Peer 1: 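Take a look at the following structure, please.
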Number of protein chains: 2
Amino acid sequence: MTRLEEERKRFQDFLRERGLKLTQQRLQILERAVEVDEHFNAEELFELLRSDSHRISKATVYRTLALLVEADLLDTHDFERGHTLYERAAHGTAHHDHLICLGCDRVFEFHSEEIELLQEVVAKRFDFLMVNHTHQIYGVCGRCQRQGVTAEQATGRSRVRSSL
Amino acid sequence: MTRLEEERKRFQDFLRERGLKLTQQRLQILERAVEVDEHFNAEELFELLRSDSHRISKATVYRTLALLVEADLLDTHDFERGHTLYERAAHGTAHHDHLICLGCDRVFEFHSEEIELLQEVVAKRFDFLMVNHTHQIYGVCGRCQRQGVTAEQATGRSRVRSSL
DNA sequence: TTATATGCAAAGGCTTTGCAAATGT
DNA sequence: ACATTTGCAAAGCCTTTGCATATAA
């Protein structure tokens, strides 16, 4: 079974379980969302669907994205101010976090097993049952550094403001 | 010099440097913002100021919060969907990250020097110049666990959706 | 005096919602 | 047949902005 087939099945099962319907729109949205291989927002997905000449309303896109997140087929992030970003959920695949370049807005994925473990240690120290986490490192990528972007310039563009 | 005096001075210097004015409103907003010892949003600060019978418009609160962030007197976070949270900046104090309880919404601060160092390692691996970062661990606090809140229930309430 | 700030209300950007018509089961 | 969905436009929410008036320097 290909990954897409698995995702389609997962969505079907999810909908059936809840007595919801598998509509054309929902299927088209799932397939397009899962095909994008970077982060996207609702508006972008809506445009992609239109350019595929699918006539789906923005409201339906929003409603379906929420379902896909509930079905664990998409993850959400809030890197950019003002709107939610989505990405295909990584089933079985290792969890990853993000490095975000303040110069060019590119997003890179990283995974550090040591950090993952240390988070468990922190949770234990606080008597917390860890459910999930988000971890973003903001900075300047190599390319932008070479193009002369400095940390100071970048700091001004960071949407996060926290003393390090 | 008390902490508040330092903050007042920092704000004054910041404004002077930029040729901006130290108005009554700005001073009142600074003093109230810095006095709250948890995270707050613009609306909450606005209400606090009103209850102090200060007549300050919401627009001025937003405008001044932006200045306070620029002056490094406040940090911003985006734990909650839909609005920005502010907190007094930790000058000199160690940087901290957050544990957020999905049961009761309380926010706890943690600091892990090991994680801080590992982030540098990650940044280096990607040829990144790290500017800052955010790191939130979502879970169920001890108190909520004892009151029967399970990870599953909590997952449904998480505003972050990322496979671990 | 004069550039900057304030307050108000209106506008913005993203997302959600109410409702009649359409559709999956 | 019937409950669920869709599309549309309107409304919601947080935040920003334009403009006339007020105020700090």
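Atom set for the values below is all heavy atoms of this structure, side chains included, hydrogens, waters and symmetry mates excluded. Within every chain, numbering begins at 1; the chains are lettered A, B, ... in the order of the sequence lines, protein sequences first and strands thereafter. If you're wondering where the values come from, they're calculated on a predicted model, not measured in any experiment.
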Peer 1: Taking only heavy atoms on the protein side, list every residue of residues 53-63 of chain B lying under 4.0 Å from any atom of DNA chain D, sorted numerically.
Peer 2: Ala59(B), Tyr62(B), Arg63(B)
Peer 1: Which residue lies toward the 5' end of DNA chain D, Gln24(B) or Glu43(B), if each is placed at its nearest nucleotide?
Peer 2: Glu43(B)
Peer 1: Tell me, with the steps shown, if Leu117(B) and Val121(B) meet side-chain contact (heavy atoms from CB on, under 4.5 Å).
Peer 2: CA-CA 7 Å; Leu117(B) 291 172; Val121(B) 173; 5.8 Å; no
Peer 1: So, under a plain 3.5 Å distance rule, would you say the side chain of Lys21(A) forms a donor-acceptor pair with the base of dT25(C)?
Peer 2: no
Peer 1: With a 3.5 Å cut-off and no angle check, do the side chains of His133(A) and Asp97(A) form a donor-acceptor pair?
Peer 2: yes
Peer 1: What is the distance, to the nearest angstrom, from the CG atom on Leu27(A) to the C1' atom on dT5(D)?
Peer 2: 15 Å
Peer 1: I'd like to know if the side chain of His135(A) pairs up with that of Gln136(B) as donor and acceptor (distance under 3.5 Å, no hydrogens or angles considered).
Peer 2: no
Peer 1: Please give, in whole Å, the distance from dT23(D) C1' to Gln28(B) CD?
Peer 2: 14 Å
Peer 1: Please report the distance, rounded to the nearest Å, between CG in Leu65(A) and P in dT17(C).
Peer 2: 15 Å
Peer 1: For Glu113(B) and His111(B), test the side chains for any donor-to-acceptor distance below 3.5 angstrom and give the result as yes or no.
Peer 2: yes
Peer 1: Mind calculating the distance between CZ (Phe46(A)) and C1' (dT6(D)) to the nearest angstrom?
Peer 2: 13 Å
Peer 1: With salt bridge (Lys or Arg N to Asp or Glu O under 4.0 Å) as the test, would you mind laying out the steps for Arg32(A) and Glu35(A) before giving the verdict?
Peer 2: CA-CA 5 Å; Arg32(A) 201 66 175 90; Glu35(A) 185 175 294; 2.9 Å; yes
Peer 1: Below 4.0 angstrom from OP1 or OP2 of dT6(C), is there any side-chain N or O of Arg26(B)?
Peer 2: yes
Peer 1: In whole angstrom, give the distance that lies between atom NE2 of His83(A) and atom P of dC14(D).
Peer 2: 19 Å
Peer 1: For the pair Arg10(A) (side chain) and Ala71(A) (backbone), establish whether a donor and an acceptor sit closer than 3.5 Å, ignoring hydrogens and angles.
Peer 2: yes
Peer 1: Considering just the side-chain nitrogens and oxygens of Thr23(B), establish if one lies under 4.0 Å of OP1 or OP2 belonging to dT4(C).
Peer 2: no
Peer 1: May I have the distance from Leu49(A) (atom CG) to dG7(D) (atom C1'), rounded to whole angstrom?
Peer 2: 15 Å
Peer 1: Check the distance between dC14(C)'s P and Glu47(A)'s CD and give it to me in whole angstrom.
Peer 2: 12 Å
Peer 1: In residues 31-42 of chain A, what residues come within less than 4.0 Å of DNA chain D, judged by heavy atoms?
Peer 2: none
Peer 1: With the side chain of Leu22(A) defined as its heavy atoms from C-beta on, choose the nearest nucleotide among dT25(C), dT6(C), dT4(C).
Peer 2: dT25(C)
Peer 1: Give the minimum heavy-atom separation between Cys101(B) and Cys144(B), together with the two atoms involved.
Peer 2: SG-SG, 3.8 Å
Peer 1: Nearest-Å distance, CD (Glu44(B)) to P (dC13(D))?
Peer 2: 16 Å
Peer 1: dG7(D), OP1 or OP2 - any side-chain N/O from Gln25(A) closer than 4.0 Å?
Peer 2: yes
Peer 1: Quick test of your reading: applying ring pair (Phe, Tyr, Trp, His ring centres under 6.0 Å), list the pairs with at least one residue in residues 31-64 of chain A, sequence neighbours left out, ordered by first then second residue.
Peer 2: His39(A)-His77(A), His39(A)-Phe79(A), His39(A)-His98(A), Phe40(A)-Tyr86(A)
Peer 1: Taking all non-hydrogen atoms of both residues into account, name the closest pair between Leu4(A) and Glu31(A) and its distance.
Peer 2: CD1-CG, 4.3 Å
